[in-house]
Amino acid sequence: MSKSKAAVTPDTRTLDRLLEEYREVHARVSADLANLADAPRFSNAYHDALAALYSQLTLTKCLAEELQAAMDRLDDQLPED
């Protein structure tokens with residue numbers, strides 16, 4: 001049997017969800033950096049802003065790994081040239 005010549009439509013829902021989540025994290029990182037800049041150095045507010053920033057950056061690392069996996073899955077869905 002011959003293979004169908006129909007166009008392949010990759011499933012991008014996971015990628016779209018990850019990118020939206022990354023946009024949200026980016027906004028929180030920006031806010032955390034602003035809080036850090038406004039806080040007196042080594043104060044409780046400074047420490048809190050650093051802790052929040054660390055948390056968001058850790059989440060960003062996890063998102064980057066998930067993003068790579070989603071990109072790999074998309075590559076697998078695309079037809080080979």
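Listed by chain and number, the residues in a salt bridge (charged side-chain N to carboxylate O under 4.0 Å, His left out) with Arg17 are Glu21, Glu66 (sequence neighbours excluded). For Arg73, the side chain to side chain contact (heavy atoms under 4.5 Å, CB included) partners two or more places apart in sequence, or in a different chain, are Thr14, Ala69, Ala70. With sequence neighbours left out, the side chain to side chain contact (heavy atoms under 4.5 Å, CB included) criterion links Leu33 to Val29, Leu53. Gln68 meets the side-chain hydrogen bond (donor to acceptor under 3.5 Å, both in side chains) test with Asp72; sequence neighbours excluded. Residues that satisfy the side chain to side chain contact (heavy atoms under 4.5 Å, CB included) test with Leu19, not counting sequence neighbours, are Leu15, Arg23, Leu67.
Residue pairs that meet the salt bridge (charged side-chain N to carboxylate O under 4.0 Å, His left out) test with at least one member in residues 53-64, sequence neighbours left out, are Lys61-Glu65. For residues 30-55, no residue pair satisfies the side-chain hydrogen bond (donor to acceptor under 3.5 Å, both in side chains) rule, not counting sequence neighbours.
In this structure, the separation between CG on Leu63 and CD on Gln56 is 9.5 Å, given to the nearest 0.5 Å. Going from atom CD of Glu24 over to atom CG of Leu59 covers 10.0 Å, rounded to the nearest 0.5 Å. Remark: Leu36 CG to Leu50 CG distance equals 5.0 Å, nearest 0.5 Å.
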